[in-house]
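Let me begin by handing over the structure; questions about it come next.
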Number of protein chains: 2
Amino acid sequence: MFFLKELPTREILERYHERFPEMNVDMVGDALLLMRQASLLLRQLDEYFSGHDFSQLRFLIIVIIDREQETLLTASEILKKLDVSGPVMARTLKALEASQMIVFHEHESDKRAKRIALTPKGKAKLQAILPGYYETIERFMSTLGQHDAS
Amino acid sequence: MFFLKELPTREILERYHERFPEMNVDMVGDALLLMRQASLLLRQLDEYFSGHDFSQLRFLIIVIIDREQETLLTASEILKKLDVSGPVMARTLKALEASQMIVFHEHESDKRAKRIALTPKGKAKLQAILPGYYETIERFMSTLGQHDAS
DNA sequence: ACAATATACTTATCATGATAAGCATATTAC
DNA sequence: GTAATATGCTTATCATGATAAGTATATTGT
């Protein structure tokens, strides 16, 4: 997360540019705005999720499982689609199992692996969460100008 | 952070739109891209900072202290400029003190508060870190198109 | 076949974000 | 002046990210 509430003005960036001439004022300004806006949106979404006893990561995991129609995924297959570490994935899957959103099935050919399926409760959670997720995003995106630094 | 490596294609978003008609495909697509790009940049910066035994937050704190020329700030004044919680601010300031980047001085009128000053070591750290910070941002921003989902 | 390596997942530990509650001091209301 | 409230910071505890190292099973090379 990028925590700075008020981004530096163009004047301030230009003063930094005098001390560090290789610094590109426009690029740095754009990057700070990118990080700040995304952080504000991520905050809103985190708040939305935690109000539903959920999290960004738990949400993305069940979206990914849900999107796969044919086969059941394993933890490492989900891991390839999300950049979190293995231990975080394992812990989060365990939490999803504990809250009965997913179940683990034996893998048919690899004793180390488990196949992961969404439960009806997990599917229902996803359906219940998606509308508010979109709404949160849209509320944020339609007021984006007001979060601008300049 | 937003962890999804491959953003949904327009077709996939349109399929969601059929299930959730109030969902605006363009806005949601833009928001996911915003979060993903910012997360990638934040990752790069985190990696840069941790290679220098530092962090985003420690960096922002010393930037803010450095920017203030006239008076020494207190923890709560820095807190107004950064959206982190009070305990995190207190802990991070303590870490900055332990590594001799800042010193606490008695507040002249409020016994609860402390005035915070950058040490020469803290100033030197900031000077040492800034060029690589800009470079990391610029390297990222100039390849932004390649991080695009579409 | 079997040793070496790779893969799937777990365990242990740390870092850094949060909230709730606490203490001391300041400020405000009367 | 003193009670009530607010403010500045700390302590305790939790959540959730990371890495390093461990176990079991699979795969590869010879």
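Chain naming here is simple, since letters A, B, ... match the order of the sequence lines and numbering starts at 1 in each.
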*Which nucleotide of DNA chain D is the first, and which the last, in the 5' to 3' direction, to come under 4.0 Å of a heavy atom belonging to chain A?*
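For DNA chain D, the relevant span reads D:dT16 to D:dA26.
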*Describe the nucleic acid contact of A:Phe104 in one word from base, sugar-phosphate, nothing, applying a heavy-atom distance below 4.0 Å.*
nothing
*Any chance CD of A:Glu22 has more than 12 other-residue heavy atoms, nucleotides or ligands included, within less than 6.0 Å?*
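Result for CD/A:Glu22: enclosed.
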_Presence of salt bridge, B:Asp110 and B:Arg115, under 4.0 angstrom_ =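 A salt bridge is absent here (no side-chain N lies under 4.0 Å from a carboxylate O).
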*Look at the side chain of A:Lys5 and the backbone N and O of B:Lys80, then say whether any donor-acceptor pair between them is shorter than 3.5 Å.*
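Yes.
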*When rounded to the nearest 0.5 angstrom, what distance separates OG1 in A:Thr74 from CE in A:Met89?*
10.0 Å
*Anything under 30° is parallel, anything over 60° is perpendicular, the rest tilted; go ahead and classify B:Tyr134 against A:Tyr16.*
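Answer is perpendicular, since the angle exceeds 60°.
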*Of all of residues 105-112 of chain A, which get a heavy atom below 4.0 angstrom from DNA chain D, listed by number?*
A:Ser109, A:Asp110, A:Lys111, A:Arg112
_Within one Ile-Leu-Val-Met-Phe-Trp-Tyr cluster: A:Val103 and A:Met101, side-chain cutoff 4.5 Å_ = no
*Which atom names give the shortest non-hydrogen contact between B:Asn24 and A:Glu138, and what distance separates them?*
N-OE2, 2.7 Å
*asked:* Suppose we call two aromatic rings close when their centres sit under 6.0 Å apart. Are B:Phe54 and B:Tyr48 close by that rule?
replied: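 Between B:Tyr48 and B:Phe54, which both carry aromatic rings, the centre distance is not below 6.0 Å.
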_Under 4.0 Å, heavy atom to any atom of DNA chain C: which of residues 71-94 of chain B qualify?_
B:Asp83, B:Val84, B:Ser85, B:Pro87, B:Val88, B:Arg91
*Would A:Lys81 and A:Glu77 pass as an ion pair if we require N to O under 4.0 Å?*
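Here A:Lys81 does not pair with A:Glu77 in a salt bridge, since their nearest N and O are not under 4.0 Å apart.
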*For the pair A:Arg58 (side chain) and A:Thr92 (backbone), establish whether a donor and an acceptor sit closer than 3.5 Å, ignoring hydrogens and angles.*
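Side chain of A:Arg58 to backbone of A:Thr92: no pair is present.
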